[in-house]
Visitor: 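A single structure is presented below for examination.
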Amino acid sequence: MADRPELEELRCRRALTEDAARPDAVERRHAAGGRTARENIADLVDADSFVEYGRFAIAAQRQRREVADLIARTPADGLVAGTAAVDGHPCAVLSYDYTVLAGTQGVFGHRKKDRLFELIERLRLPTVFFAEGGGGRPGDTDYPTVSSLEVRAFKLWAALSGVVPRIAIVKGRCFAGNAVIAGCSDLIVATADASIGMGGPAMIAGGGLGDIEPDAVGPISVQAPNGVVDVVVADEAEAVAVTKRLLGYFQPPTAPGPVVDQTSLRTAIPERARRAYPVAPIIETLADQGSVTFLREKFAPEMVTALARIDGRPVGVIANNTMVMAGAITAAAADKAARFLQLCDTFGLPVVSLVDCPGYMVGPAAEGEALVRRASRLLVAGAALRVPLVAVILRRGYGLGAQAMTGGSLHEPLLTVAWPGAHLGPMGLEGAVRLGMRKELEAIADDAEREDRVRQATAALEENAKALNAAQIFEVDDVIDPADTRSLISATLAAAGARGELPPPRRFVDTW
């Protein structure tokens, strides 16, 4: 028995929405080193889990073009969107299609976003958005408009902040409205060839700012060091792999992963007190093997932020990087850490803080960067934390900077421990000597003798500032064998997990 005509019509129309119906467009995309929207979605989601919305939408250009042409060349109005599952967990996924009018935002694409964003809120779906594209589309003719400023998609997307985790993936050019979609996301993964800007070349030229090549608007060489992009990857395949891992941090704990030898932590800190060292290997040793993702690595590198798993439990990690600025907290470092704490607190990720901090960066140059306000962001964000916080003093814990790394006080974390070589103090010890003994030092005429006196006094302070002495008067909870750090963190977080739901979020006014 033959199929009914309407079913055959449906099959034909459905086939026209697939990549196979536009081999020339697909070939051009592949030749440019990219994948199609549907290829990216298929790589991201579990097999047969994608439920598409608005498949048959076409560009609103009937007054300019034949409907048959629009059906053939503008499938889904350039926005493929729907619900799916990633590694067995429900999610939503949207992708602008660069092979359709350069991934621009059309009338029906906006309506589709509105529909999806409301469903995302209703169902609490983590969301991945492939945001590549040129921004608003001026060529749509079928919808009466003067400004198009009544479009609700941007408000609805922004309103999902704090409701569900949202990850944007950017490959190639991403301008104007597309860039806003990325910028409102919680995390941005971008390929090395990405160019992201609030206005593309046409808008820049229209504003009288000159002719700029698209790839020069906001290249990764700018957007990674300034903190716009969280993770830089080589291509879309790696972007999808990283995004799957990022989504996993916002899911329940998994089985514990493999662990490297923890005894290596006993020698991770140099014996020379002023010698810098990389903190990333310490984070990777503490975490389940292969579970660490570093965020915004080139932005404020003196502060490290990372997502990881410890015994299968997702956690956020902040750490001072002594390789840059000796690990001091700059204005940018405070911005970086404060926002990261908000991310962790919003989505229930416990935080591990690894402290080797000489304090806040000070001086006229630092103050010129609004340090007073920006540095305070970390204290305000730390004070509002509801999730468990565990602090480990690796080597130095000095001044307000160390307090900011521990939620405002050594007694704010659920557990504050120190490694045996650690020192704590109200400020850098040598600085304290030079300040407290200024008159005595000024009275010593010989430079060598004066510096020797500074060394002697600093050594005396260092003896008093040892972690064991701080533990004797209960300023820290314990001094531990570095090899025991992971097990203590895990045990503390397991105890914290028994309390159930977190209290309601604390309202606060950002200092900056």
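Just so you know, these numbers use all the heavy atoms, side chains as well, and skip hydrogens, waters and symmetry mates.
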Visitor: Keeping Asp186 on the side-chain end and Leu343 on the backbone end, is there a donor-acceptor pair under 3.5 Å?
Guide: no
Visitor: So, are Glu118 and Lys112 salt-bridged, with charged N and O less than 4.0 Å apart?
Guide: no
Visitor: Tell me, yes or no, whether the heavy-atom count around Arg122 atom CZ, taken from other residues, nucleotides or ligands under 6.0 Å, exceeds 12.
Guide: no
Visitor: Could you name each residue pair satisfying salt bridge (charged side-chain N to carboxylate O under 4.0 Å, His left out) that touches residues 203-227, not counting sequence neighbours?
Guide: Arg173-Asp215
Visitor: Could you tell me whether Arg374 and Asp510 make a salt bridge, using a distance below 4.0 angstrom between a side-chain N and a carboxylate O?
Guide: no
Visitor: If we count only N and O atoms by modelled type, under 3.5 Å, do the side chains of Thr330 and Glu302 hold a donor and an acceptor together?
Guide: yes
Visitor: Carefully, step by step, assess Asp43 and Arg35 under the rule salt bridge (Lys or Arg N to Asp or Glu O under 4.0 Å).
Guide: CA-CA 10 Å; Asp43 189 22; Arg35 303 197 297 193; 2.9 Å; yes
Visitor: Among side-chain atoms of Arg22 and Thr99, is any donor-acceptor pair under 3.5 angstrom?
Guide: yes
Visitor: Look at Arg137 together with Asp140 and state whether they make a salt bridge at an N to O cut-off of under 4.0 Å.
Guide: yes
Visitor: Measure the acute angle between the ring planes of Phe129 and Phe117, then classify it against the limits of 30° and 60° as parallel, tilted or perpendicular.
Guide: tilted
Visitor: Considering non-hydrogen atoms only, spot the tightest contact between Leu125 and Pro90 and give its length.
Guide: CD2-CB, 3.8 Å
Visitor: How about Val93 and Thr127: do any of their side-chain heavy atoms sit closer than 4.5 Å?
Guide: no
Visitor: For residues Thr17 and Arg55, is any side-chain donor paired with an opposing acceptor at under 3.5 Å?
Guide: yes
Visitor: What's the shortest heavy-atom distance between Phe175 and Ser195, and which atoms?
Guide: CE2-O, 3.5 Å
Visitor: Which heavy-atom pair separates Gln223 from Gly218 by the least distance, and what is that distance?
Guide: CG-O, 3.2 Å
Visitor: Examine Tyr249 together with Phe347 and report whether their ring centres are nearer than 6.0 Å.
Guide: no
Visitor: Do the charged groups of Arg115 and Glu52 touch, with an N to O distance under 4.0 Å?
Guide: no
Visitor: What are the two closest non-hydrogen atoms of Gly327 and Cys357, and how far apart are they?
Guide: O-SG, 3.9 Å
Visitor: Between Asp97 and Arg38, does any NZ, NE, NH1 or NH2 come within less than 4.0 Å of an OD or OE carboxylate oxygen?
Guide: no
Visitor: Answer yes when Asp24 and Arg73 have at least one side-chain N-carboxylate O distance shorter than 4.0 Å, and no when they do not.
Guide: no
Visitor: Run the numbers on Arg152 and Asp114 for salt bridge (Lys or Arg N to Asp or Glu O under 4.0 Å), then give the verdict.
Guide: CA-CA 7 Å; Arg152 299 190 70 229; Asp114 292 353; 5.8 Å; no
Visitor: Got more than 12 heavy atoms from elsewhere within 6.0 Å of CD, Glu367?
Guide: yes
Visitor: Does any non-hydrogen side-chain atom of Glu39 lie less than 4.5 Å from one of Thr36?
Guide: yes
Visitor: Under the side-chain contact (heavy atoms from CB on, under 4.5 Å) test, which residues partner Leu379, sequence neighbours left out?
Guide: Tyr360, Ala404
Visitor: If I take atom CD from residue Glu297 and atom NZ from residue Lys336, how far apart are they, to the nearest 0.5 angstrom?
Guide: 7.5 Å
Visitor: Taking Asp356 for its side chain and Leu394 for its backbone only, find out whether a donor-acceptor pair lies under 3.5 Å.
Guide: no
Visitor: For Met361 versus Ala328, what's the shortest heavy-atom pair and its separation?
Guide: CE-CB, 3.9 Å
Visitor: Should the heavy atoms of other residues, nucleotides or ligands under 6.0 Å from CZ of Phe508 be counted, would the total exceed 12?
Guide: yes
Visitor: Test of understanding: with side-chain contact (heavy atoms from CB on, under 4.5 Å), list the residues that count as partners of Glu284, not counting sequence neighbours.
Guide: Val292, Phe294
Visitor: Got Val128 and Leu94 here, is their nearest side-chain heavy-atom distance under 4.5 Å?
Guide: no
